[in-house]
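What follows is a short report on a single structure.
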Amino acid sequence: MGRYEYSDSEKELNKVLKMQEKDLTDLSVSVGTQNKALESLRMQILDLAKRKGLDVKSLEKLQSDKLIPDEKISLANIPNWESLAKRANTEIEGDVILEDLLTKDEFNFCIEEIERINTEFANKTRLSGVDLSFLLIATALQSVRWLLIQHISGSLGEKIEPGSRLLHNDKAIKDEVNRSNSSFKNMFSEHGHRESRRNYKSWENIIFNSVPYDTSINSSTFGENLEGRYHRYKTLGHDPVLGWIFGTANIITDTVTLSNFNSYRIKRSPGPRFDEQTNLFQIFYEVYDSTKEDWLRLPAGIFAQFVHLKSDAFTKLGLPVPILESFSENLAGKLYRSQYDSLCLMKDLNIVGNQAMFSIIINMVIGLVHGLFYNPEKDGQLEFYEVRTRKILSISNALASSGNVLYALLSKDLKKLDVGGMLVTISRLYTDVRFITKIKRDFINGELDKVLEEEIRQIDEYFQ
């Protein structure tokens, strides 16, 4: 086996090349035999001419390879690829590898040629003194950026001050909920009350009743532990993202869906409590059936979900980190009980967004200013200069991110990590390496094409 792996088309190509190598060898032997015969004929002619007393000076200059007139090959006589491949598969057994086609010297020549081209590309894209100045400036700016953002926006994972939050039953929250509900009712007053023939909740009840997923009474009967005041991370209705689907459906159907996707009906009398188990298919069917009876129940459910999420978001317990409870209830509970909720997450996302945004802005400014220094006579092709620009940006981002990681490790505080900057760094490394690889591949192909152009020109001379 050779050192390389081959695709099916490459294997087929190697077979055709091997077959043509064999044909050339056979042709060379045949031409050699013909040349010997022609040389013998020439000598016989010279000998006969001498014996007849003829002038043989012109005949002595006659070369045996000139006894056959030059002829060009017609393109019509060249077989197509399909016939060549079919013949090669018939005549050549097994797979053909490059080691079967090239000698050791030819292999070394190819390797040396690639090394020469790589060296030439490296020289064309090597950072100059001006580029190194840009690199230092870009690295300094990126480093100052993450230090300033930490000073202005704070570190990741910081809790929101409890004093800035309200109790879940605070009068201000209740008043705001009542105002919102009354506003919705007045907006659709002309719609009027429509009693359900299938015992579904009316749109007024959907708005003014308490949400069903706020109760945990009797849940232990079904083997569910909602942890009392911490029940929000265990009910999908309180999820800031999933709640828009599951919470809305629960409100319309008076049900509750837990983070393990178990669902239960809530009985309202004498007070809200877990009554019986149901399933999501039945819940969503009832949403459809109820909405078909009165279309306003769906907007009412969405509105009630919005009002409840808004009222819970700024309470002391807040809302849990979205979606996490569906994958890892233990982690979601640990974060929620430590008072890291959706507001903390939004604050962190804002910090990460600022980190990434300002990192991108610095990259844009450095890239634009570096582009102004481009001199075609001195710097060559624009593509090679852009490679240098991208090297500056990638290296400066990587250095700044490495410095941030070192800073966080030495201070033993991972909250100081420049997550946004790291994401930009990873993105730049991915896109810049792909761009540089493409430019290098095009350069190598272009250099190899120059080598082949002369050979193709010589080959063309043999055709009509």
Side-chain angles (χ1 to χ4, degrees), residues 4 7 9-10 109-146 148-149 352-404 418-460:
Y4 307 109
S7 64
S9 60
E10 289 171 336
F109 171 78
C110 293
I111 294 172
E112 291 171 359
E113 186 68 7
I114 293 296
E115 290 179 350
R116 178 192 68 78
I117 295 174
N118 283 332
T119 301
E120 185 175 349
F121 180 80
N123 291 334
K124 289 179 178 294
T125 59
R126 180 177 288 114
L127 297 184
S128 66
V130 174
D131 295 335
L132 291 176
S133 298
F134 271 93
L135 176 61
L136 292 175
I137 293 171
T139 304
L141 288 175
Q142 292 288 6
S143 299
V144 171
R145 169 194 59 77
W146 60 256
L148 285 178
I149 289 179
V352 171
N354 287 333
Q355 291 170 342
M357 179 183 68
F358 286 107
S359 176
I360 293 172
I361 290 174
I362 291 173
N363 287 336
M364 290 176 61
V365 172
I366 293 296
L368 290 172
V369 175
H370 185 253
L372 297 176
F373 283 75
Y374 172 63
N375 184 340
E377 296 180 359
K378 179 181 177 182
D379 299 313
Q381 296 182 28
L382 181 60
E383 291 82 359
F384 297 146
Y385 192 78
E386 188 172 352
V387 168
R388 288 159 56 186
T389 302
R390 288 178 177 254
K391 282 184 177 181
I392 292 170
L393 297 178
S394 293
I395 295 172
S396 63
N397 278 247
L399 290 174
S401 293
S402 299
N404 172 258
D418 177 36
V419 177
M422 290 179 185
L423 292 175
V424 173
T425 297
I426 294 171
S427 175
R428 286 225 65 94
L429 289 174
Y430 175 74
T431 56
D432 291 344
V433 167
R434 287 188 64 187
F435 176 83
I436 294 172
T437 301
K438 178 184 179 300
I439 297 299
K440 185 176 182 179
R441 182 175 63 249
D442 292 344
F443 177 74
I444 291 175
N445 289 336
E447 290 297 305
L448 293 177
D449 287 344
K450 291 179 183 178
V451 177
L452 293 176
E453 282 178 1
E454 178 61 23
E455 296 183 12
I456 292 174
R457 187 191 65 78
Q458 293 178 3
I459 292 173
D460 285 343

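Between the side chain of Ser427 and the backbone N or O of Leu423, no donor-acceptor pair lies under 3.5 Å. In this structure, the side chain of Thr389 does not engage the main chain of Gly367 through any donor-acceptor pair within 3.5 Å. Remark: the backbone N or O of Lys391 is not paired with any side-chain donor or acceptor of Ser394 at under 3.5 angstrom.
For the pair Asp379/Phe384, no side-chain contact is recorded, criterion being any heavy-atom separation below 4.5 Å from C-beta on. The shortest distance between side-chain heavy atoms of Arg428 and Thr425 does not fall below 4.5 Å. By the 4.5 Å heavy-atom criterion applied to side chains, Glu383 and Val387 are not counted as neighbours.
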Candidate pair Val352 and Gln355, rule side-chain contact (heavy atoms from CB on, under 4.5 Å), full reasoning:
CA-CA 5 Å; Val352 171; Gln355 291 170 342; 4.1 Å; yes
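Partners of Tyr374 by ring pair (Phe, Tyr, Trp, His ring centres under 6.0 Å), not counting sequence neighbours, listed by chain and number: Tyr385. Evaluation of the side chain to side chain donor-acceptor pair (under 3.5 Å) rule for Arg145 yields Gln142, Asp418 as partners, not counting sequence neighbours.
Asn354 contributes atom CG, which lies 6.0 Å from atom CD1 of Ile149 (distance to the nearest 0.5 angstrom). With values rounded to the nearest 0.5 angstrom, Ser402 atom OG is found 8.5 Å from Met422 atom CE. Taking OG1 of Thr431 as the start and CD1 of Ile426 as the end, the distance is 12.0 Å to the nearest 0.5 Å. In this structure, NE2 in His370 is found 10.0 Å from CG in Leu135, a value given to the nearest 0.5 Å. The CD1 atom of Ile392 lies 8.0 Å from the CG atom of Leu132; values are rounded to the nearest 0.5 Å. We find the CG-CG distance between Asn118 and Asn123 to be 11.0 Å, quoted to the nearest 0.5 Å.
Residues Phe121 and Ile436 share a closest heavy-atom pair of CZ-O, 4.3 Å.
Annotation for Met357: atom CE counts as buried by contact number, over 12 foreign heavy atoms lying within 6.0 Å.
For residues 119-137, the salt bridge (charged side-chain N to carboxylate O under 4.0 Å, His left out) pairs, not counting sequence neighbours, are Arg116-Glu120, Asp131-Arg388.
The residue from Ile361, Ile362, Leu136, Asn363 that alone fulfils the side-chain contact (heavy atoms from CB on, under 4.5 Å) condition with Leu141 is Ile362.
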